[in-house]
Amino acid sequence: MKVVDTIPRMSTLVKIFKKEGKSISLIPTMGYLHEGHLSLVRAARKHTDVVVMSIFVNPMQFGPKEDFEKYPRDLKRDEHLAASAGVDVIFHPSVSDMYPAGYSTYVEVCGLGDTLCGASRPGHFKGVTTVVAKLFQIVRPNIAYFGQKDAQQAIIIKKMTEDLNMGIEIKIMPIVREPDGLAMSSRNAYLSPAERKNAPALYESLKKAETLVRSGEKDAAKIIKATEDMIRVIPNAKIDYVSMVDPRNLKKIKTVTGETLIALAVFIGKTRLIDNIIVKGAK
Ligand code: PAF
(Lines give C-alpha, C1' and ligand atoms only; values in the text may rest on other atoms or scores of the structure.)
Protein backbone atom coordinates (compact mmCIF):
# COMPACT_ATOMS: atom_id res chain seq x y z
CA MET A 1 0.00 0.00 0.00
CA LYS A 2 1.29 3.46 -0.93
CA VAL A 3 0.77 6.53 1.24
CA VAL A 4 0.73 9.67 -0.89
CA ASP A 5 0.67 13.04 0.81
CA THR A 6 0.78 15.59 -1.98
CA ILE A 7 -1.63 16.40 -4.81
CA PRO A 8 1.05 16.34 -7.57
CA ARG A 9 2.17 12.85 -6.49
CA MET A 10 -1.41 11.60 -6.38
CA SER A 11 -2.08 13.06 -9.84
CA THR A 12 1.01 11.34 -11.26
CA LEU A 13 -0.10 8.02 -9.82
CA VAL A 14 -3.61 8.47 -11.23
CA LYS A 15 -2.15 9.18 -14.69
CA ILE A 16 -0.20 5.91 -14.48
CA PHE A 17 -3.30 3.95 -13.42
CA LYS A 18 -5.34 5.45 -16.26
CA LYS A 19 -2.57 4.72 -18.80
CA GLU A 20 -2.55 1.12 -17.63
CA GLY A 21 -6.32 1.00 -18.18
CA LYS A 22 -7.06 0.43 -14.50
CA SER A 23 -10.39 1.34 -12.94
CA ILE A 24 -10.24 3.33 -9.70
CA SER A 25 -12.51 3.56 -6.71
CA LEU A 26 -12.28 6.29 -4.13
CA ILE A 27 -13.35 6.12 -0.51
CA PRO A 28 -13.26 9.64 0.93
CA THR A 29 -12.78 9.59 4.73
CA MET A 30 -11.62 11.79 7.55
CA GLY A 31 -9.69 8.86 9.03
CA TYR A 32 -9.87 7.28 12.47
CA LEU A 33 -11.16 4.28 10.58
CA HIS A 34 -13.75 1.84 11.83
CA GLU A 35 -15.58 -1.16 10.42
CA GLY A 36 -17.97 1.18 8.54
CA HIS A 37 -15.08 2.53 6.46
CA LEU A 38 -13.58 -0.92 6.02
CA SER A 39 -16.88 -2.28 4.69
CA LEU A 40 -16.61 0.35 1.93
CA VAL A 41 -13.09 -0.84 1.13
CA ARG A 42 -14.23 -4.45 0.85
CA ALA A 43 -17.06 -3.45 -1.50
CA ALA A 44 -14.70 -1.31 -3.60
CA ARG A 45 -12.14 -4.14 -3.79
CA LYS A 46 -14.68 -6.27 -5.69
CA HIS A 47 -15.43 -3.65 -8.33
CA THR A 48 -12.28 -1.82 -9.38
CA ASP A 49 -8.62 -2.57 -10.01
CA VAL A 50 -7.35 0.14 -7.67
CA VAL A 51 -8.78 1.27 -4.33
CA VAL A 52 -7.80 4.75 -3.16
CA MET A 53 -8.79 5.98 0.28
CA SER A 54 -8.45 9.66 1.09
CA ILE A 55 -7.84 10.61 4.70
CA PHE A 56 -8.32 14.32 5.17
CA VAL A 57 -9.95 16.10 8.10
CA ASN A 58 -11.54 18.84 6.08
CA PRO A 59 -11.59 22.15 7.98
CA MET A 60 -14.10 23.62 5.53
CA GLN A 61 -16.92 21.39 6.76
CA PHE A 62 -16.51 22.26 10.45
CA GLY A 63 -18.18 25.28 12.03
CA PRO A 64 -16.09 27.67 14.16
CA LYS A 65 -17.36 26.10 17.39
CA GLU A 66 -17.14 22.51 16.17
CA ASP A 67 -14.60 19.77 16.79
CA PHE A 68 -12.07 20.26 13.94
CA GLU A 69 -9.10 20.54 16.32
CA LYS A 70 -10.07 17.64 18.49
CA TYR A 71 -11.39 15.34 15.74
CA PRO A 72 -9.61 12.00 16.37
CA ARG A 73 -6.56 11.39 14.18
CA ASP A 74 -4.23 8.38 14.09
CA LEU A 75 -2.62 7.89 10.69
CA LYS A 76 -0.44 4.93 11.69
CA ARG A 77 -3.44 3.01 12.98
CA ASP A 78 -5.43 3.96 9.86
CA GLU A 79 -2.59 2.81 7.58
CA HIS A 80 -2.56 -0.57 9.26
CA LEU A 81 -6.36 -1.02 9.05
CA ALA A 82 -6.57 0.26 5.46
CA ALA A 83 -3.77 -2.05 4.28
CA SER A 84 -5.35 -5.09 5.89
CA ALA A 85 -8.74 -4.30 4.30
CA GLY A 86 -7.20 -4.01 0.81
CA VAL A 87 -6.57 -0.30 0.15
CA ASP A 88 -3.88 0.27 -2.52
CA VAL A 89 -3.27 3.97 -1.96
CA ILE A 90 -3.93 6.29 0.97
CA PHE A 91 -4.15 9.89 -0.15
CA HIS A 92 -3.43 12.14 2.82
CA PRO A 93 -2.96 15.71 1.65
CA SER A 94 -2.22 18.63 3.96
CA VAL A 95 -4.70 21.45 4.56
CA SER A 96 -2.37 23.93 2.81
CA ASP A 97 -2.11 21.63 -0.22
CA MET A 98 -5.91 21.37 -0.50
CA TYR A 99 -6.62 25.01 0.37
CA PRO A 100 -3.59 27.14 -0.44
CA ALA A 101 -3.62 30.83 0.50
CA GLY A 102 -6.13 32.62 -1.71
CA TYR A 103 -8.30 29.55 -2.25
CA SER A 104 -11.73 30.83 -3.31
CA THR A 105 -13.75 28.18 -5.18
CA TYR A 106 -16.73 26.41 -3.61
CA VAL A 107 -19.23 23.81 -4.78
CA GLU A 108 -22.71 23.97 -3.31
CA VAL A 109 -25.83 21.95 -4.01
CA CYS A 110 -28.62 24.44 -3.43
CA GLY A 111 -31.75 23.48 -1.54
CA LEU A 112 -30.61 20.20 0.03
CA GLY A 113 -27.96 21.40 2.43
CA ASP A 114 -29.92 23.69 4.73
CA THR A 115 -32.30 21.19 6.36
CA LEU A 116 -31.63 18.38 8.88
CA CYS A 117 -27.90 18.50 9.74
CA GLY A 118 -27.44 21.57 7.54
CA ALA A 119 -29.88 23.57 9.68
CA SER A 120 -27.69 23.25 12.76
CA ARG A 121 -24.38 23.12 10.86
CA PRO A 122 -24.56 26.07 8.42
CA GLY A 123 -22.01 25.73 5.62
CA HIS A 124 -21.24 22.11 6.50
CA PHE A 125 -22.45 20.59 3.25
CA LYS A 126 -20.83 23.31 1.15
CA GLY A 127 -17.57 22.24 2.79
CA VAL A 128 -18.31 18.58 2.10
CA THR A 129 -19.23 19.06 -1.58
CA THR A 130 -16.24 21.35 -2.15
CA VAL A 131 -13.75 18.86 -0.74
CA VAL A 132 -15.40 15.85 -2.41
CA ALA A 133 -15.42 17.67 -5.77
CA LYS A 134 -11.71 18.41 -5.32
CA LEU A 135 -10.97 14.80 -4.37
CA PHE A 136 -12.90 13.62 -7.43
CA GLN A 137 -10.84 15.95 -9.64
CA ILE A 138 -7.56 14.72 -8.18
CA VAL A 139 -8.27 10.97 -8.01
CA ARG A 140 -10.63 10.77 -11.04
CA PRO A 141 -12.38 7.65 -9.74
CA ASN A 142 -14.82 5.49 -11.70
CA ILE A 143 -16.74 4.72 -8.49
CA ALA A 144 -16.86 6.51 -5.13
CA TYR A 145 -18.17 4.92 -1.95
CA PHE A 146 -20.00 6.59 0.93
CA GLY A 147 -21.91 5.32 3.96
CA GLN A 148 -25.67 5.53 4.47
CA LYS A 149 -25.06 6.76 8.04
CA ASP A 150 -24.48 10.22 6.56
CA ALA A 151 -27.73 9.95 4.59
CA GLN A 152 -28.04 13.65 3.79
CA GLN A 153 -24.42 13.82 2.68
CA ALA A 154 -24.97 10.81 0.39
CA ILE A 155 -28.02 12.43 -1.24
CA ILE A 156 -26.20 15.74 -1.72
CA ILE A 157 -23.09 14.13 -3.21
CA LYS A 158 -25.20 12.09 -5.62
CA LYS A 159 -26.96 15.27 -6.72
CA MET A 160 -23.68 17.14 -7.18
CA THR A 161 -22.28 14.29 -9.26
CA GLU A 162 -25.36 14.22 -11.49
CA ASP A 163 -25.73 17.99 -11.80
CA LEU A 164 -22.08 18.48 -12.73
CA ASN A 165 -22.00 15.45 -15.08
CA MET A 166 -19.01 14.12 -13.21
CA GLY A 167 -19.42 10.64 -14.67
CA ILE A 168 -18.63 8.97 -11.35
CA GLU A 169 -20.81 6.20 -9.99
CA ILE A 170 -21.77 6.88 -6.37
CA LYS A 171 -22.36 3.81 -4.25
CA ILE A 172 -24.01 4.15 -0.87
CA MET A 173 -23.32 1.27 1.47
CA PRO A 174 -25.40 0.19 4.49
CA ILE A 175 -24.79 1.49 8.01
CA VAL A 176 -22.46 -0.74 10.01
CA ARG A 177 -23.48 -1.08 13.65
CA GLU A 178 -21.83 -2.19 16.86
CA PRO A 179 -23.30 -5.43 18.26
CA ASP A 180 -25.57 -3.34 20.53
CA GLY A 181 -26.94 -1.35 17.57
CA LEU A 182 -24.97 1.91 17.85
CA ALA A 183 -24.05 3.15 14.36
CA MET A 184 -20.27 3.12 13.94
CA SER A 185 -18.73 6.58 13.87
CA SER A 186 -15.31 8.04 14.54
CA ARG A 187 -17.05 10.40 16.98
CA ASN A 188 -18.14 7.46 19.19
CA ALA A 189 -14.60 7.72 20.57
CA TYR A 190 -15.71 10.92 22.38
CA LEU A 191 -18.35 9.11 24.46
CA SER A 192 -17.68 8.44 28.15
CA PRO A 193 -18.33 4.83 29.25
CA ALA A 194 -21.75 5.84 30.64
CA GLU A 195 -22.68 7.75 27.47
CA ARG A 196 -21.51 4.85 25.31
CA LYS A 197 -23.74 2.52 27.32
CA ASN A 198 -26.77 4.75 26.70
CA ALA A 199 -26.09 5.59 23.04
CA PRO A 200 -27.68 2.44 21.51
CA ALA A 201 -31.05 3.84 22.62
CA LEU A 202 -30.90 6.05 19.52
CA TYR A 203 -31.12 3.07 17.22
CA GLU A 204 -33.77 1.55 19.49
CA SER A 205 -35.84 4.69 19.01
CA LEU A 206 -35.54 4.32 15.24
CA LYS A 207 -36.52 0.66 15.48
CA LYS A 208 -39.55 1.72 17.49
CA ALA A 209 -40.47 4.16 14.69
CA GLU A 210 -40.08 1.36 12.17
CA THR A 211 -42.34 -0.91 14.23
CA LEU A 212 -45.00 1.79 14.32
CA VAL A 213 -44.85 2.16 10.54
CA ARG A 214 -45.00 -1.61 10.08
CA SER A 215 -48.06 -1.77 12.30
CA GLY A 216 -49.81 0.71 10.01
CA GLU A 217 -49.14 4.10 11.64
CA LYS A 218 -48.93 6.73 8.89
CA ASP A 219 -48.94 9.97 10.86
CA ALA A 220 -45.36 11.30 10.81
CA ALA A 221 -46.00 13.62 13.80
CA LYS A 222 -47.07 10.67 15.97
CA ILE A 223 -44.08 8.57 14.90
CA ILE A 224 -41.67 11.43 15.55
CA LYS A 225 -43.19 12.02 18.98
CA ALA A 226 -42.82 8.34 19.93
CA THR A 227 -39.18 8.41 18.74
CA GLU A 228 -38.44 11.61 20.66
CA ASP A 229 -40.10 10.25 23.80
CA MET A 230 -37.64 7.36 23.77
CA ILE A 231 -34.69 9.69 23.30
CA ARG A 232 -35.74 12.16 26.01
CA VAL A 233 -35.25 9.55 28.74
CA ILE A 234 -31.57 9.02 27.79
CA PRO A 235 -29.49 10.81 30.44
CA ASN A 236 -27.84 14.01 29.10
CA ALA A 237 -29.47 13.63 25.70
CA LYS A 238 -30.46 16.75 23.74
CA ILE A 239 -32.38 16.32 20.52
CA ASP A 240 -31.12 18.36 17.59
CA TYR A 241 -33.75 16.91 15.26
CA VAL A 242 -35.84 13.87 14.50
CA SER A 243 -37.26 14.16 10.99
CA MET A 244 -39.19 12.11 8.50
CA VAL A 245 -38.37 13.01 4.93
CA ASP A 246 -38.61 11.78 1.37
CA PRO A 247 -35.18 10.18 0.77
CA ARG A 248 -35.11 11.51 -2.82
CA ASN A 249 -35.35 15.20 -2.01
CA LEU A 250 -35.25 15.51 1.82
CA LYS A 251 -38.69 17.17 1.86
CA LYS A 252 -40.55 16.66 5.13
CA ILE A 253 -43.44 14.23 4.91
CA LYS A 254 -46.63 14.33 6.94
CA THR A 255 -48.03 10.95 5.96
CA VAL A 256 -45.97 7.82 5.43
CA THR A 257 -46.98 6.30 2.13
CA GLY A 258 -43.79 5.19 0.43
CA GLU A 259 -40.08 5.02 1.28
CA THR A 260 -39.35 7.38 4.13
CA LEU A 261 -36.06 8.35 5.72
CA ILE A 262 -36.27 8.77 9.47
CA ALA A 263 -33.17 10.69 10.46
CA LEU A 264 -32.01 12.01 13.81
CA ALA A 265 -29.21 14.00 15.36
CA VAL A 266 -28.87 13.94 19.12
CA PHE A 267 -26.26 15.27 21.50
CA ILE A 268 -25.31 12.75 24.15
CA GLY A 269 -23.39 14.95 26.53
CA LYS A 270 -21.20 17.01 24.19
CA THR A 271 -21.11 14.45 21.40
CA ARG A 272 -23.44 14.93 18.46
CA LEU A 273 -24.48 11.56 17.02
CA ILE A 274 -26.52 10.93 13.88
CA ASP A 275 -28.40 7.87 12.75
CA ASN A 276 -31.20 6.97 10.36
CA ILE A 277 -33.38 4.23 9.03
CA ILE A 278 -35.42 3.85 5.84
CA VAL A 279 -38.95 2.59 6.37
CA LYS A 280 -41.54 1.66 3.82
CA GLY A 281 -45.11 2.73 4.46
CA ALA A 282 -48.07 1.08 2.77
CA LYS A 283 -49.44 3.13 -0.15
O1 PAF B 1 -18.11 11.51 5.62
C2 PAF B 1 -16.98 12.02 5.81
O3 PAF B 1 -16.11 11.46 6.47
C4 PAF B 1 -16.67 13.38 5.20
O5 PAF B 1 -17.78 14.22 5.23
C6 PAF B 1 -16.09 13.29 3.78
C7 PAF B 1 -17.09 12.70 2.79
C8 PAF B 1 -14.82 12.44 3.79
C9 PAF B 1 -15.71 14.68 3.27
O10 PAF B 1 -14.77 15.29 4.08
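As the structure lists them, so they are numbered: ligands from 1, and atoms in each ligand from 1. FYI, side chains are in, hydrogens and waters are out, and symmetry mates aren't considered; it's all heavy atoms of this structure.
Here ring pair (Phe, Tyr, Trp, His ring centres under 6.0 Å) pairs that include residues 76-98, with residues two or more places apart or in two chains, number zero.
Side-chain contact, Tyr32 with Asn188: no donor N or O sits under 3.5 Å from an acceptor N or O.
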Could you pull out all donor-acceptor pairs under 3.5 Å where a side-chain atom in residues 143-151 meets a protein atom, sequence neighbours excluded?
{"unit_1": "Tyr145", "atom_1": "OH", "unit_2": "His47", "atom_2": "ND1", "d": "3.3"}
{"unit_1": "Gln148", "atom_1": "NE2", "unit_2": "Asn276", "atom_2": "OD1", "d": "3.1"}

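Every atom of ligand 1 with a heavy atom of Gln61 under 4.0 Å away is listed here by number and element: 4 (C), 5 (O), 9 (C), 10 (O). Residue Gln153 approaches ligand 1 through these ligand atoms, each under 4.0 Å from one of its heavy atoms: 1 (O), 2 (C), 4 (C), 5 (O), 7 (C). Shown in contact with Val131 at under 4.0 Å from a heavy atom are these atoms of ligand 1, numbered in order with element: 9 (C), 10 (O). Listed by atom number, the atoms of ligand 1 under 4.0 Å from Pro28 heavy atoms are 8 (C). Ligand-side atoms of ligand 1 in range of Thr29: 8 (C), range being under 4.0 angstrom from any heavy atom.
What sits closest to atom 3 (O) of ligand 1 on the protein, heavy atoms only, is Met30 CG, 3.6 Å.
Residues Asp78 and Gly31 come closest through the heavy atom pair OD2-CA, 3.3 Å.
The side-chain heavy atoms of Arg196 and Leu182, taken from C-beta on, include a pair separated by under 4.5 Å.
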